[in-house]
Every structure is written in C-alpha cells, then in structure tokens.
Chemist: 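Got a structure for you, questions after.
Numbering of residues begins at 1 and proceeds along the displayed sequence. Order of listing sets the numbers, starting from 1, for every ligand and every atom in it.
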Amino acid sequence: MGQFFSKITEFRTELAAWFQCHGRTLPWRVTSDPYPILVSELMLQQTQVATVIRYYHRWLERFPTLHDLAEADGSEVLLAWQGLGYYNRARNLHKCAKIIVFERNEKFPSAVDELLRLPGIGRYTAGAIASFAFDQPAPIVDTNIERVLTRILDLQEPVDQTDVGRVLWDFASKYVQSTRPRLLNSALMELGATICLPRKPLCVICPVRSFCAAKDPESLPKKRGRQRIEKKIENHFLALKEGRILLEQSLGKRWHGLWTLPSLAQDNGDFPFLSLSYPITRYVVRLNVFLSEPPATVGLGQVWHRLELLDSVPMPSPHRRAVRLAAGRIGLSAAHGER
Ligand code: SF4
C-alpha cells in the first residue's frame with residue numbers, strides 16, 4: 001500500500017477528471033442540503049439506485065423539509081416508505097428528523113462522531129453525509145468501494161476479515177485527505193457502480209487501470225463462506241365482514257407499526273387459500289393465507305379496516321400483495337393493489 005500512496009495525487013487527479021466528464025447526475029448529487037442526502041443514503045442502504053430515484057422524489061414532495069418529516073405521524077412515514085422494505089430505515093429516518101429538529105434546534109450534525117450518534121447511521125452513512133453535504137474529508141467504504149479497492153490493491157484475503165476491513169478504511173481515509181472530499185468520494189463510488197463491476201469489469205476503459213494491481217479482478221473481493229439461505233413459513237388468515245378486512249398491527253421488529261393479515265399460531269392442516277414467497281435477509285418466506293370466518297371477538301392489536309381505504313393503511317408489500325391476489329380471486333373490487 002505504501003508504494004501505491006507515492007502515486008496517490010495522480011490517482012485522485014485521474015479519477016476526479018473522469019468523474020467530472022462521465023459521472024451520472026443523480027438527484028442527491030446536485031444538492032449539498034444534508035436532509036435530502038440523508039434521505040437518499042438511508043434509501044440506498046438496501047435498494048438499487050433506479051428504484052430509489054422514484055421514491056426519493058416522492059418522499060421529498062411529501063416531506064419537503066426535515067421539519068415536515070419530524071412533525072409527521074409515524075404511520076404516514078411508513079406509508080410513504082411502503083414498497084422499499086426494511087422499514088427500520090424509515091423509522092430511523094423519522095427518529096433522526098425528530099432529534100435534529102426538536103433536540104438540536106434544527107442544527108444538522110456535520111462531524112462523523114456526531115452523525116454516528118443518530119439512529120441508523122453507521123460508519124459508511126456518517127462518512128457519506130459528512131463528505132457529500134459538508135465536504136468533510138471523511139472516508140467511506142460501501143460494497144462498490146470495497147470491490148474497487150480490493151482490486152486496485154489486489155487483496156487476496158477475504159474482505160469480511162477485520163484486518164482487511166481496516167486496510168480498506170485506512171486506504172479510503174488517506175485517499176480522501178484532499179481539498180475536494182465530496183468529489184473524490186463520489187468518483188470512487190461511481191467507478192465501482194459503472195466501471196469496476198462485480199462481473200465483467202470494464203478494465204479497458206477504466207480511468208485508473210494504470211494504478212490497478214488486480215491480476216484476476218473478477219475473482220475479487222474474496223469472501224469467507226456466504227450465509228445459507230433458509231426457508232421459513234408464516235401462516236396468516238383473511239377474514240372479511242361487511243366491506244371490511246381484519247388486520248393486525250405488528251409489534252415485531254421487522255414491521256413494527258405496519259398492518260398485516262392476522263397471524264395464525266399454527267396451520268390447521270387445510271390447504272392455504274393462497275401462498276406467495278418473498279425474500280428477507282437470509283430467509284425465503286412462504287406466506288400462507290387461509291380464509292376464515294369473521295371471528296366473534298378481535299384479538300389484541302386487531303382492527304377491522306374498510307376495504308376502500310386500504311391504500312391509506314401502511315402494509316408491508318407481501319401482505320398487500322396477498323390481499324390483492326385474494327381480491328382478484330374472490331372479486332373484492334375495493335381491496336386493490338400494491339403500489
Ligand atoms: S482496472 Fe479493472 S479491476 Fe482495476 S479498478 Fe479498473 S475496472 Fe476495476
């Protein structure tokens with residue numbers, strides 16, 4: 001690495017010049033307002049750029065300022081996030097807005113150590129906000145940058161080893177100590193997103209190929225064994241009564257505050273009315289839905305919702321999809337669509 005840093009100024013110059021000509025104009029790159037940058041960073045944590053762009057604009061129309069978000073109701077926030085999944089990000093974004101507006105008198109933190117105290121903000125996100133919004137020389141290492149750096153340094157050790165992680169953060173930290181941190185971090189990310197691709201990296205047009213030590217770039221980064229995908233079954237029931245559907249407000253960590261079909265402790269041996277699958281972290285979940293008579297009494301956290309108002313109820317996508325499928329099968333005109 002020491003050898004590489006003798007050429008760091010040329011490396012930065014080449015990469016920055018390439019980015020200024022070829023970098024994509026993404027909506028959160030044309031602002032230095034920390035609020036939209038925070039929104040984009042939390043959305044991008046688990047979601048592709050193309051999907052985030054749509055949600056990002058919609059979000060800022062709905063909550064144009066940090067203040068608007070801080071004052072919004074929790075269910076309004078979850079509803080606006082609906083379709084992006086991983087709802088903890090929405091809850092954390094809401095909490096961040098409340099802390100900054102009500103506890104910090106709207107003063108947005110600009111230093112990495114202050115940003116790290118906000119909920120849902122880890123080392124990468126803190127560095128991204130500090131550099132993109134405040135032009136601070138804060139390092140960032142996301143999966144794109146991790147891939148670029150392991151290839152440039154030709155690191156053969158698995159990147160999920162602590163000491164390799166430390167090497168990458170050290171590199172990113174030295175790299176960004178310059179007069180244009182915002183530009184430099186954006187350029188490194190863009191290289192990973194558009195040129196140094198996981199499969200078939202475009203080395204022939206790479207602006208920093210003369211600095212790159214990778215002999216077999218596609219084999220990098222190396223990882224220790226991947227986690228096994230596990231199967232899971234969740235059973236729920238669908239009960240209707242006088243134009244209403246029974247839903248249950250989740251108290252679980254994953255979907256806290258969202259409305260789902262009521263759960264069945266165990267399946268009763270019948271065939272489900274419908275089944276669908278969805279992925280979540282390291283699981284593939286089979287969601288089984290059984291038709292049920294309306295229960296005489298409703299359980300804790302359960303409420304009958306009017307079918308025609310279902311669009312204004314925050315629901316996780318798999319459950320909204322199940323209701324939509326059921327609607328198609330049993331002809332419920334009001335119980336329509338997933339957004
Ligand atoms: S030369 Fe190839 S492997 Fe090296 S940084 Fe560029 S795209 Fe990645």
Side-chain angles (χ1 to χ4, degrees), residues 1-26 28-29 40-41 44-53 122-125 127-128 130-132 135 137-226:
M1 198 152 103
Q3 219 179 4
F4 180 90
F5 278 104
S6 62
K7 307 176 278 187
I8 190 71
T9 308
E10 293 94 310
F11 178 81
R12 288 190 193 112
T13 308
E14 294 290 338
L15 194 51
W18 166 81
F19 178 70
Q20 283 172 313
C21 286
H22 301 284
R24 293 165 298 170
T25 308
L26 299 173
W28 45 89
R29 282 191 183 151
S40 69
E41 286 302 334
L44 287 162
Q45 278 177 3
Q46 314 271 355
T47 312
Q48 304 276 330
V49 168
T51 309
V52 166
I53 290 177
R123 193 174 179 187
Y124 163 77
T125 309
S131 62
F132 298 147
D135 217 10
I140 53 173
V141 179
D142 68 346
T143 46
N144 281 327
I145 293 181
E146 177 184 273
R147 184 169 60 254
V148 172
L149 299 187
T150 50
R151 288 174 178 178
I152 282 176
L153 299 172
D154 201 27
L155 289 178
Q156 297 297 322
E157 297 80 11
V159 282
D160 37 7
Q161 273 179 16
T162 324
D163 47 347
V164 177
R166 213 174 295 126
V167 169
L168 299 181
W169 278 95
D170 281 355
F171 184 108
S173 183
K174 291 196 178 91
Y175 162 76
V176 81
Q177 301 308 314
S178 176
T179 50
R180 302 177 294 171
R182 176 189 169 115
L183 174 71
L184 289 174
N185 273 349
S186 301
L188 200 52
M189 282 184 86
E190 189 71 351
L191 187 76
T194 62
I195 302 285
C196 195
L197 303 170
R199 262 167 274 138
K200 300 198 191 318
L202 308 174
C203 301
V204 280
I205 56 162
C206 176
V208 291
R209 67 185 175 283
S210 62
F211 301 88
C212 182
K215 291 169 205 74
D216 179 13
E218 273 192 72
S219 69
L220 298 174
K222 294 203 162 59
K223 296 220 164 151
R224 284 189 290 208
R226 294 194 184 277

Chemist: Of the options T125, I140, D142, which is the one that meets E41 in a side chain to side chain contact (heavy atoms under 4.5 Å, CB included)?
Modeler: T125
Chemist: Work out which heavy atom in C203 is nearest to a heavy atom in P217; give both atom names and the distance.
Modeler: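 Distance-wise, the nearest heavy atoms are SG-CG, 4.1 Å.
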Chemist: Please give me the minimum heavy-atom distance between D154 and K215, naming the atom from each residue.
Modeler: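 Here D154 and K215 meet closest at OD2-NZ, 2.7 Å.
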Chemist: Quick one: do K7 and E14 make a salt bridge, cutoff under 4.0 Å?
Modeler: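 Salt bridge: no.
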Chemist: Applying salt bridge (Lys or Arg N to Asp or Glu O under 4.0 Å), run through K200 and E218 and close with a yes or a no.
Modeler: CA-CA 7 Å; K200 300 198 191 318; E218 273 192 72; 5.2 Å; no
Chemist: For ligand 1, what is the set of protein residues having any non-hydrogen atom at a distance below 4.0 Å?
Modeler: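 Shell around ligand 1 (4.0 Å, heavy atoms): R151, I152, I195, C196, C203, C206, R209, C212, P217.
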Chemist: Considering non-hydrogen atoms only, spot the tightest contact between P198 and R151 and give its length.
Modeler: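 Shortest heavy-atom contact: O-NH2, 3.0 Å.
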